[in-house]
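To start, the structure under review is shown below, and the notes come after it.
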Amino acid sequence: MALVSARDMLLKAHKEGYGVAQININNLEWIKAVLEVVKELNSPVILGVSEGAAKYMGGYRNVMAMVRELDAFYNIQQPIAVHLDHGTYEGAFKALEAGFTSIMFDGSHYPFEENLAKTKEVVAKCHSVGVSVEAEVGSIGGEEDGVVGAGEIADPEECRLIAETGVDMFAAGIGNIHGKYPANWKGLDFEVLAEVQRVTNNIPLVLHGGSGIPEDMIKKAISLGVSKINVNTECQLAFAEATRKYIEEGKDLQSKGFDPRKLLAPGVEAIKNVVREKLTLFGSVNKA
Ligand code: G3H
Ligand code: ZN
């Protein structure tokens with residue numbers, strides 16, 4: 001299936017009360033792992049690409065080339081969006097030019113008026129070619145690929161104004177954090193989430209920092225209007241753990257165990273298990 005904008009898959013998820021996973025990709029193994037599970041579980045998915053990950057993979061055009069060719073190789077029939085994650089203003093236009101089908105412009109670190117003005121420009125440009133847009137107000141705590149946030153809770157009035165720009169999905173800081181959650185984490189602020197959904201006129205909401213959020217909170221967030229949940233750290237941890245185990249058990253020293261296709265295989269299986277678990281928890285299995 002041709003790669004698509006995230007708009008329709010999120011509107012469907014929002015209407016039917018489930019979440020679509022944004023799984024961040026880091027290399028060839030990650031893309032293969034996600035596409036294999038999507039095919040197996042007949043689920044839509046959003047492939048998240050941070051600017052750092054795009055650079056690592058040889059640039060936006062190479063990311064698109066890899067995803068497009070693997071999509072054809074696996075004969076994927078499910079909707080797949082390729083989404084710039086926490087994009088800068090400049091990065092948004094570069095990724096658009098390279099053929100990304102969905103763009104997050106993260107202007108949350110700008111003074112609000114500037115975030116609003118820049119989001120409007122990105123929306124106009126992306127919508128003119130059928131590409132979906134995500135904006136952010138407030139911030140996600142912690143750090144992801146160089147994007148650092150203090151975790152400010154979103155201001156509902158600012159959310160309303162950004163939603164009016166016509167963005168297709170909206171990320172609000174509601175106490176969520178990138179990376180591992182600390183033991184004393186207070187949890188998601190559901191009152192703010194409900195208010196954000198009310199003032200944004202029911203547009204699909206995005207939950208960043210999806211790794212490590214307890215299942216009951218994920219389900220409640222979906223019931224309050226979250227339709228896209230971003231997961232990165234959990235796949236990275238699972239990959240690292242499985243790879244470490246392989247090496248600690250000395251398997252790379254046995255026979256041809258050093259062959260990268262063998263050495264990376266347990267890590268790929270571990271990513272696939274996380275993706276299976278998330279698609280099932282979010283409720284998107286058989287929703288393609
Ligand atoms: O934008 C991507 C995410 O918000 C992923 O967060 O690494 O905590 O799962 P995570
Ligand atoms: Zn994020």
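Worth saying up front: this structure is predicted, and the values here are computed from it rather than measured. One-based numbering along the sequence shown. When a ligand or atom number is given, it counts from 1 through the structure's own listing order.
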Under a 3.5 Å threshold, I'd like every N/O contact between ligand 1 and protein atoms, with atom names and distance.
residue  : atom  : partner : partner atom : Å
ligand 1 : 1 (O) : Asp85   : OD1          : 3.0
ligand 1 : 1 (O) : Asp85   : OD2          : 2.7
ligand 1 : 1 (O) : His86   : NE2          : 3.2
ligand 1 : 1 (O) : Glu144  : OE1          : 3.1
ligand 1 : 1 (O) : His208  : ND1          : 3.2
ligand 1 : 1 (O) : Asn230  : ND2          : 3.3
ligand 1 : 4 (O) : His178  : NE2          : 3.0
ligand 1 : 4 (O) : His208  : ND1          : 3.2
ligand 1 : 4 (O) : Gly209  : N            : 2.8
ligand 1 : 6 (O) : Gly209  : N            : 3.4
ligand 1 : 7 (O) : Thr233  : N            : 2.9
ligand 1 : 7 (O) : Thr233  : OG1          : 2.5
ligand 1 : 8 (O) : Gly179  : N            : 2.9
ligand 1 : 9 (O) : Ser211  : N            : 3.2
ligand 1 : 9 (O) : Ser211  : OG           : 2.5
ligand 1 : 9 (O) : Asn232  : N            : 2.9
ligand 1 : 9 (O) : Thr233  : N            : 3.4

Ring centroid separation for His86 and His109, is it under 6.0 angstrom? no

Residues in salt bridge (Lys or Arg N to Asp or Glu O under 4.0 Å) with Asp168, at least two apart? Arg7

Lys278 and Glu234: salt bridge (Lys or Arg N to Asp or Glu O under 4.0 Å), yes or no, with the steps? CA-CA 10 Å; Lys278 297 301 171 192; Glu234 263 186 78; 2.8 Å; yes

Electrostatic pair Glu248-Lys245, nearest N-O below 4.0 angstrom: no

Which protein atoms of type N, O or S are found under 2.8 Å from the Zn ion (ligand 2)? His86 NE2, His178 NE2, His208 ND1

Using 4.0 Å as the upper bound for N to carboxylate O, is an ion pair formed by Arg61 and Glu97? no

CA sep, side-chain torsions, deciding dist, call: Lys118, Glu114, salt bridge (Lys or Arg N to Asp or Glu O under 4.0 Å): CA-CA 6 Å; Lys118 286 188 156 72; Glu114 198 172 348; 2.8 Å; yes

State whether Glu121 and Lys125 are salt-bridged, where the test is any N-O pair (Lys NZ or Arg NE/NH1/NH2 against Asp/Glu carboxylate O) under 4.0 Å. no

Could you check whether Tyr60 and Phe100 have their ring centres less than 6.0 Å apart? yes

Partners meeting side-chain contact (heavy atoms from CB on, under 4.5 Å) with Phe258 (sequence neighbours left out): Lys256

